[in-house]
S.K.: 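Please see the structure below; I have some questions.
These values consider heavy atoms only, across backbone and side chains, with no hydrogens, waters or symmetry-generated copies. Every value quoted in this text rests on a predicted model; they were computed, and no experiment measured them.
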Amino acid sequence: MIKIYKDYKTEEILSRKIDDYAEYEGIVKAVVADVAARGDEALREYSLKFDGYGGESLEVTEEEFAAAEEALSEDYKAVVRASAENIAFFHKKQVKTGFEIQKAGGVILGQKYTPVSVAGVYVPGGTASYPSTVLMDIIPAKIAGVDKIIMVTPVKSDGKVKPEILYAARVAGADRVFKAGGAQAIAALAYGTESIPKADVIVGPGNIFVALAKKQVYGIVNVDMIAGPSEILVIADGKSNPVFVAADLLSQAEHDKLASAVLVTDSEELALRVQEEIERQLCSMQRVEIARASIENNGKIIICGSIEEAVDIANEIAPEHLEVCVDDPMPLLPKIRNAGSIFLGRYTPEALGDYFAGPNHTLPTGGAAKFSSPLSVDDFVKKSSYIRYTEGELVKASDCVIKFAESEGLYGHANSVKVRVAASEK
């Protein structure tokens with residue numbers, strides 16, 4: 001049963017347990033190094049060992065794409081296309097164009113945006129399949145203008161990718177899809193193999209092995225984030241429907257036994273009714289074992305003095321998903337500082353954001369919403385500044401540059417200006 005806290009202490013209730021992943025880090029380090037050294041040969045060996053598939057054919061063929069599309073109903077395919085349209089509409093608003101400043105004397109200063117050449121997208125294939133993640137991770141890359149989008153996803157011994165995944169990849173705009181998962185797939189994207197191109201950035205969620213592999217290869221490539229278990233925090237007042245609130249908490253609890261579902265409310269009556277309702281709904285859930293473990297180990301109901309205090313608690317926790325279940329949530333929005341994605345009102349369940357509304361569902365977890373953001377077009381572009389000075393303007397600025405350089409003991413820097421000034425004075 002989910003626990004209720006009345007007199008909570010921040011350090012006991014709001015803090016997260018720091019997990020020790022040392023036992024996995026050694027495994028991941030060895031896998032990454034081996035794939036970096038031996039390429040496809042190592043990739044196939046680890047795929048066979050961990051997933052049961054070691055076939056020669058790593059890349060999904062056109063025939064497999066066609067068969068996947070044929071296997072799906074027209075109604076389902078229409079849903080995927082509609083979701084893709086909403087995601088694209090939202091993310092197109094994120095595109096930036098840079099700027100240029102022209103100053104007196106011919107000085108030009110500017111900033112330009114350039115998409116990365118190759119993006120690697122990891123799509124999980126463990127306890128559930130996630131075509132929604134395919135759309136969320138590939139569409140922003142496509143909008144950013146990435147030249148090649150390479151998707152990897154694990155398969156079982158039959159070597160088949162689920163048709164929902166392949167159809168979403170085709171709709172979103174993946175250029176190539178490979179049958180590979182785990183740390184070995186991240187290593188392949190980071191270093192490149194005979195089959196899988198080297199990526200400039202790797203995005204997408206995964207299990208602990210994927211997360212640790214992304215952490216290890218950061219610097220060789222860029223990564224979107226080191227994602228942890230899913231989280232939801234619901235702020236709800238006494239007028240909230242306990243059936244709605246319980247359902248929303250369980251919607252994240254079913255993800256993973258390590259997932260976290262938290263309710264913060266100013267109503268003890270609602271807290272008790274939600275506690276009862278969670279038990280009732282758990283009995284009819286398909287993923288009841290996972291959801292119950294999540295609720296019993298990581299679930300919390302926190303009773304506080306006011307909805308304003310609830311917002312303060314949410315800012316301290318910095319959840320991945322934050323629901324604000326009150327009649328008029330908009331005045332609270334400016335006060336919310338730390339959340340991956342915010343769902344406002346009684347009829348905006350988190351599931352809307354997962355599948356259909358448009359904002360990205362690849363979000364910071366583990367309190368990282370205090371300093372990081374959802375996946376966006378920005379993750380697939382680089383910023384470069386540029387400068388142009390004329391001869392005359394360099395001469396004008398030379399004293400300042402030379403003095404600054406010499407103050408740091410970098411006389412070679414100063415000299416690169418001095419030689420030009422000397423040539424100009426001849």
S.K.: Please assess L282 against M285 for the test side-chain contact (heavy atoms from CB on, under 4.5 Å), listing each intermediate value before the final yes or no.
M.R.: CA-CA 5 Å; L282 269 171; M285 291 186 71; 4.0 Å; yes
S.K.: Looking only at atom types and distance, does a side-chain atom of S117 sit under 3.5 Å from a main-chain N or O of D200, one as donor and one as acceptor?
M.R.: no
S.K.: Give me the atom names and distance for the closest heavy-atom approach of K382 to P115.
M.R.: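 Looking at all heavy atoms of both residues, the closest pair is CE-O, 4.3 Å.
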S.K.: Please say whether more than 12 non-hydrogen atoms of neighbouring residues, nucleotides or ligands are located less than 6.0 Å from NZ in K370.
M.R.: yes
S.K.: Going by an N to O cut-off under 4.0 Å, is there a salt bridge joining R38 and E194?
M.R.: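 So R38 does not pair with E194 through a salt bridge.
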S.K.: Can you establish whether the number of heavy atoms outside K77 located under 6.0 Å from its atom NZ is more than 12?
M.R.: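 Enclosed: over 12 neighbouring heavy atoms sit under 6.0 Å from NZ of K77.
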S.K.: L233 versus I235: any side-chain heavy-atom pair under 4.5 Å?
M.R.: yes
S.K.: Is the shortest distance from a Lys or Arg side-chain nitrogen in E289 or K257 to a carboxylate oxygen in the other one below 4.0 Å?
M.R.: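 Yes, this pair counts.
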S.K.: Would the distance check show the side chain of K214 and the main-chain N or O of M225 forming a donor-acceptor pair, the cut-off being under 3.5 Å?
M.R.: yes
S.K.: Does K93 count as lying over the ring of F89, i.e. NZ or CZ under 6.0 Å from the six-ring centre, within 45 degrees of the axis?
M.R.: yes
S.K.: Any chance NZ of K198 has more than 12 other-residue heavy atoms, nucleotides or ligands included, within less than 6.0 Å?
M.R.: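 Check passes, neighbour count above 12.
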S.K.: If only side-chain N and O atoms count, and only distance matters, is there a donor-acceptor pair under 3.5 Å linking T133 with H361?
M.R.: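 Yes, a side-chain donor-acceptor pair sits under 3.5 Å.
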S.K.: Within the distance-only criterion (no hydrogens, no angle test), does the side chain of Y122 pair as donor or acceptor with the backbone N or O of G182 below 3.5 angstrom?
M.R.: yes
S.K.: Taking D224's backbone N and O only, do any of them form a donor-acceptor pair with D379's side chain (distance below 3.5 Å, no angle check)?
M.R.: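 Side chain of D379 to backbone of D224: no pair is present.
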S.K.: Can you tell me how far apart NZ (K112) and NZ (K383) are? Round to the nearest 0.5 Å.
M.R.: 13.5 Å
S.K.: Could you grab the distance from atom NE2 of H321 to atom OG of S230, nearest 0.5 Å is fine?
M.R.: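 The OG atom of S230 is 5.0 Å from NE2 of H321, to the nearest 0.5 Å.
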S.K.: Is the shortest side-chain N to carboxylate O distance from R388 to E393 below 4.0 Å?
M.R.: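 Here R388 does not pair with E393 in a salt bridge, since their nearest N and O are not under 4.0 Å apart.
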S.K.: Are the side chains of D248 and E350 in touch, meaning some heavy atoms are under 4.5 Å apart?
M.R.: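 Answer no - side chains too far apart.
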S.K.: So does Y218 have more than 12 non-hydrogen atoms from other groups sitting under 6.0 Å from OH?
M.R.: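 Atom OH in Y218 is not packed in, count stays at 12 or less.
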S.K.: Using 0.5 Å steps for rounding, measure from the CD1 atom of I307 to the CD1 atom of I313.
M.R.: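 One gets 10.0 Å once the value is rounded to the nearest 0.5 Å.
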S.K.: Hey, is the main chain of A66 close enough, under 3.5 Å, to the side chain of E69 for a donor-acceptor pair?
M.R.: no
S.K.: Which residues pass the ring pair (Phe, Tyr, Trp, His ring centres under 6.0 Å) test with Y347, sequence neighbours left out?
M.R.: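 In terms of ring pair (Phe, Tyr, Trp, His ring centres under 6.0 Å), with neighbours along the sequence ignored, Y347 is linked to F244.
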S.K.: Between C283 and V288, is any pair of side-chain heavy atoms under 4.5 Å apart?
M.R.: no
S.K.: Out of curiosity, D34 CG to L43 CG, how far, rounded to the nearest 0.5 Å?
M.R.: 10.5 Å
S.K.: State, to 0.1 Å, how close L166 and A68 come at their nearest heavy-atom pair, and which atoms those are.
M.R.: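 Here L166 and A68 meet closest at CB-CB, 3.8 Å.
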S.K.: Would V155 and D51 satisfy side-chain contact (heavy atoms from CB on, under 4.5 Å), going step by step from the backbone distance to the final call?
M.R.: CA-CA 7 Å; V155 294; D51 299 322; over 6 Å; no
S.K.: Determine whether a donor-acceptor pair (N or O, by modelled atom type, separation under 3.5 Å) exists between the side chain of S260 and the backbone of E231.
M.R.: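 No, because the side chain of S260 does not come within donor-acceptor range (under 3.5 Å) of the backbone of E231.
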S.K.: Looking only at heavy atoms, what is the nearest atom pair of D40 and T193, with distance?
M.R.: OD1-OG1, 2.6 Å
S.K.: Taking the side chain as every heavy atom from C-beta outward, state whether R44 and E56 have any pair of such atoms under 4.5 Å apart.
M.R.: yes
S.K.: Test F404 against L410 for side-chain contact (heavy atoms from CB on, under 4.5 Å), laying out the working first.
M.R.: CA-CA 9 Å; F404 219 141; L410 298 175; over 6 Å; no
S.K.: Let me have the donor-acceptor pairs involving side chains of residues 183-190, under 3.5 Å, with sequence neighbours excluded, atom names and distances please.
M.R.:
from: Q184; atom 1: NE2; to: G181; atom 2: O; distance (Å): 2.9

S.K.: Between S240 and C325 (side chain of the first, backbone of the second, donor and acceptor by atom type, cut-off under 3.5 Å), is there such a pair?
M.R.: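 Yes; judged by distance alone, with no hydrogens or angles, the pair exists.
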S.K.: Is any side-chain heavy atom of V134 less than 4.5 Å from a side-chain heavy atom of M151?
M.R.: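 A side-chain contact exists here, since the closest heavy-atom pair is under 4.5 Å.
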S.K.: Working to the nearest 0.5 angstrom, can you tell me the gap between E323 CD and Q252 CD?
M.R.: 8.5 Å
S.K.: Show the nearest heavy-atom pair for residues Y130 and V123, with the distance to one decimal.
M.R.: O-CG1, 4.0 Å
S.K.: Are V31 and F209 side-chain neighbours, meaning at least one heavy-atom pair lies under 4.5 Å?
M.R.: no
S.K.: Does F50, at its CZ atom, have more than 12 non-hydrogen atoms belonging to other residues, nucleotides or ligands within less than 6.0 Å?
M.R.: yes
S.K.: With a 3.5 Å distance limit and no angle check, can you tell me whether K179 reaches the backbone of V152 through a side-chain donor-acceptor pair?
M.R.: no
S.K.: Could you please spell out the steps behind the side-chain contact (heavy atoms from CB on, under 4.5 Å) verdict for K142 and D175?
M.R.: CA-CA 10 Å; K142 200 73 177 177; D175 293 294; 4.2 Å; yes
S.K.: Any chance you could measure I387, atom CD1, to I108, atom CD1, to the nearest 0.5 Å?
M.R.: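 Atom-to-atom, I387:CD1 and I108:CD1 are 11.5 Å apart.
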S.K.: Tell me the closest heavy-atom pair linking P329 and G345, and the distance in Å.
M.R.: CG-N, 3.5 Å
S.K.: Do N360 and D137 have side chains that get closer than 4.5 Å, going by heavy atoms?
M.R.: yes
S.K.: Sub-3.5 Å donor-acceptor pair from the side chain of Q94 to the main-chain atoms of V377, do we have one?
M.R.: yes
S.K.: Show the nearest heavy-atom pair for residues Y76 and P131, with the distance to one decimal.
M.R.: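 Taking every non-hydrogen atom into account, OH-CG, 3.5 Å.
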S.K.: Report yes if the side chains of T362 and V203 come closer than 4.5 Å at any heavy-atom pair, otherwise no.
M.R.: no
S.K.: Do any N or O atoms from the side chain of S83 and from the backbone of Y355 form a donor-acceptor pair under 3.5 angstrom?
M.R.: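 Yes, S83 side chain to Y355 backbone: donor-acceptor pair under 3.5 Å.
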S.K.: Listing request: all salt bridge (Lys or Arg N to Asp or Glu O under 4.0 Å) pairs with a residue in residues 333-349, at least two apart in sequence or in separate chains.
M.R.: D237-R346, D327-R346
